[in-house]
Amino acid sequence: LKSHKSAAHRSSQGSAAAHIVAMERVAEAVAAVEVCTRTGQDCAGTIDVLAEILRRFGSELREAFEGRSLSSKKETGEEERAVAELFVAWREVGEAQVTLATRLGELAARLRASIARGEASRGQRSAEAKRLQDALEEAAVGVNAPLQQRSWLGLFGNDPGNKESSEAAARAQQQRLEARRAATEACLEQVAVQLELTRCENSAAVGDVVSEVRRHAKAVGERLSLLRPSWRGSTLSRATNNTGASGGAPSAGIGAVPTGSSPSKVEGLIKTLSTAQSRQQARDTEAAEAAKRRKSAPVVPEEKPMLAPPAQTLGSEGWRIHGVYEHQVLKAGLRQLDERWPTEGLQDLPKSKDGSASGLLRGKLLADMLIGRISLQSVPRHDVSAAQSDVQRLSLRQLLRLRVLHLDFTPSGCGADSVATVGATQEAFMATLDGLLFQQLGRKSATLPVPDGAPPSGDEHRLGREAVLLVAAGAAVSASPWWCWWISGERRIFFNVAQFTCSKEFPKGEDGVLEVTDLSKPDAHDPTRRLRWLDWRVSCVTTEADLADAPRNGSDAVATPSKGGTDQGDVGGTNDRSEADTSATEKPASVGAATAGMVSPQMLQDLRGTLRKTHGVSPKTTGGSPGAVAAGTTDS
């Protein structure tokens, strides 16, 4: 029991010491804010004094030389012109000083308002700290008073049970006091932090005002050091004289006079620009004319984003989608989904367990990004990192809207050879967003009713991309909303791009099913080999028996019989697999001449571009037929 009391006593001493340290930190913060407040008030008062001096001195200078002006008369001598320029320059110095005095008064008022806000915050924080300290002292008095009373009453009784219960109650009260002291310490630490923020704000306000005073005073100092008027009439007169003497046009510049200008117009221009008010009116007139010219300029229409890939019609039941990259088609498909799907609940972010507040670290940031108020490129890097984990809790509709708003955003600095790239954090955020979006899209699009259920989790990302491609293709080819979709090499389903649902049964009572022959290939000029040209041949099939037994790709198109040897015939012949096609696949490569009529010239040219010679073999030694070239020049 003695050791327990000793440990409790040491713990109480430690918490009390920590509480004292917190109070000292609050007192230091209050003193620092008071020093900064006095400095700001002194700075504002001194600026007012300086502004009054400048205003009085500038007004006297302006009034003293109000009648001075520049003249372009030829009989004016150089001495008279120099004297006029000197006193006009002094008058402009006075005008600049009056303007500076007005600006200094505004800066002093702004500084006083900032200091007043800081002083109010200091008083509030000081009162809060005093209230916390008084509450803790009252709690300590309430704990110590019963202990002293029990110590006096213990002299007249020796009941062990009462003694043990009294000691247990004392320990409980002491524990509550320690908890109260810890909470007070935490609150005092927060008060100290807020006071430090107030001091920093006051200090920044004083520094900004001092910088503004220096910047505005620099213009007055330059005028005073040069003592040159902003408009010199002698330049005009000399330019006019030079023009008349040389017989040509003057050089372009401040003193240039347009050809054919009369002396009266020049004198009127000099008088117009001789005072500060007239010069300001001239600037306003020029600004109005510039605005009028901008308004009358033709407006270049903004290019609209692609909502559907280009499609070429090949007959009554054939189409070709090509001339565009796959990632561009993906963007078009995502835009289509974002326009079709409802927006209800788009701002309903995940809540905490008790449902009282947002359960996200950067919930406000994501809410602003969902409505387009903030873009990812304007978000600091640490906020992007914190929001990356929040993205995993968003719904599919929210992921889609967030991705569509940033379809044209490429993180800057990605791939740079540096220690800390600028866009690495944004790139990681976009990669996480893409992965979650296509994964959920694949799960939603390829999920069949029970007992088939959802697709394998490893294929969801790939299926999501393919579903988006089909949605974009459906916007270009609207003959039927149903598409034949091979989700694996052995499994086929039918996908409705309008409803974003699928079925394993052939749709009845519809306009048929659209079947795709995929001839897409990588871009040969892309060194990364990541860009792929989309090339789909689409045909409309009205009966399930006419559908292909396996996915159609480039190899199927080569082995498909051609009607007439054109691309259109090749696409038209991809709906059925004939006996000639089967026999062609079973014959060896040595009989290529016999199968030459089954392929189109365009297919052969594409294949020939991928071949290379071996051991000096040339097309002339292979029998002269295209099929023999394909058989004799490839590496086995």
Side-chain angles (χ1 to χ4, degrees), residues 110 113-114 117 121 194 197-198 200-201 204-205 208 294 299-308 327-328 330-414 420-441 444 464 468 471-472 475 500:
R110 189 179 74 181
S114 178
R117 289 193 299 268
S121 177
Q194 293 173 351
L197 292 177
T198 302
C200 293
E201 292 176 357
D208 292 343
R294 287 194 300 268
V299 179
V300 179
E302 185 177 357
E303 184 178 358
K304 295 182 179 180
M306 184 177 65
L307 297 177
H327 71 273
Q328 294 175 317
L330 285 174
K331 291 181 179 181
L334 292 176
R335 292 190 183 103
Q336 288 286 343
L337 292 177
D338 186 64
E339 288 185 358
R340 297 176 186 176
W341 288 0
T343 59
E344 288 79 5
L346 194 61
Q347 292 295 316
D348 296 340
L349 297 177
K351 301 293 184 179
S352 57
K353 293 182 179 180
D354 56 357
S356 58
S358 175
L360 305 178
L361 294 176
R362 294 294 185 271
K364 182 65 168 58
L365 173 63
L366 290 177
D368 292 339
M369 291 175 65
L370 285 172
I371 62 177
R373 183 180 301 168
I374 298 177
S375 58
L376 184 61
Q377 53 265 43
S378 62
V379 180
R381 184 169 54 185
H382 61 277
D383 287 338
V384 176
S385 299
Q388 186 171 348
S389 60
D390 296 340
V391 175
Q392 301 179 5
R393 301 184 57 187
L394 298 181
S395 64
L396 173 59
R397 187 65 185 92
Q398 291 169 340
L399 293 173
L400 177 61
R401 171 56 60 87
L402 198 61
R403 190 63 184 93
V404 169
L405 291 175
H406 297 85
L407 281 179
D408 299 326
F409 168 62
T410 301
S412 60
C414 294
T421 56
V422 177
T425 307
Q426 284 83 354
E427 184 182 15
F429 182 89
M430 297 300 293
T432 302
L433 179 60
D434 285 343
L436 294 171
L437 174 61
F438 286 113
Q439 183 180 6
Q440 295 192 28
L441 286 174
K444 177 180 177 62
V468 174
V471 170
F500 210 75

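Sequential numbering from 1 along the given sequence is applied to the chain's residues.
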Paired with Leu407, the side-chain contact (heavy atoms from CB on, under 4.5 Å) test is passed by just one of Asp338, Leu330, Leu334, namely Leu334

Let me see the working for Ser375 and Leu405 under side chain to side chain contact (heavy atoms under 4.5 Å, CB included), right down to the final yes or no.
CA-CA 8 Å; Ser375 58; Leu405 291 175; over 6 Å; no

With a 4.0 Å cut-off on N to O distance, would you call Arg110 and Asp208 a salt bridge?
no

Does Asp408 pair with Arg335 as a salt bridge, N-O distance under 4.0 Å?
yes

Looking at Asp383 and Arg362, is any side-chain nitrogen of the basic one under 4.0 Å from a carboxylate oxygen of the acidic one?
yes

Are Leu394 and Leu436 close enough that some pair of their side-chain heavy atoms sits under 4.5 Å apart?
no

Return the CD to CG distance between Gln347 and Leu366, rounded to the nearest 0.5 Å.
10.0 Å

Donor-acceptor under 3.5 Å (Gln398 side chain, Leu346 main chain):
yes

Is there side-chain contact between Thr343 and Arg397, with at least one heavy-atom pair below 4.5 Å?
yes

Is there side-chain contact between Ile374 and Ser378, with heavy atoms separated by less than 4.5 Å?
yes

Stepwise side chain to side chain contact (heavy atoms under 4.5 Å, CB included) test for Leu399 and Arg403:
CA-CA 6 Å; Leu399 293 173; Arg403 190 63 184 93; over 6 Å; no

With the side chain counted from C-beta on, respond yes when Leu376 and Met430 share a heavy-atom pair under 4.5 Å apart, and no when they do not.
yes

Stepwise side chain to side chain contact (heavy atoms under 4.5 Å, CB included) check, Leu370 with Leu349
CA-CA 10 Å; Leu370 285 172; Leu349 297 177; 4.1 Å; yes

Yes or no on side chain to side chain contact (heavy atoms under 4.5 Å, CB included) for Val379 and Phe429, after CA distance, side-chain angles and deciding distance?
CA-CA 12 Å; Val379 180; Phe429 182 89; over 6 Å; no

Are any of the side-chain heavy atoms of Leu437 and Leu396 separated by less than 4.5 Å?
yes

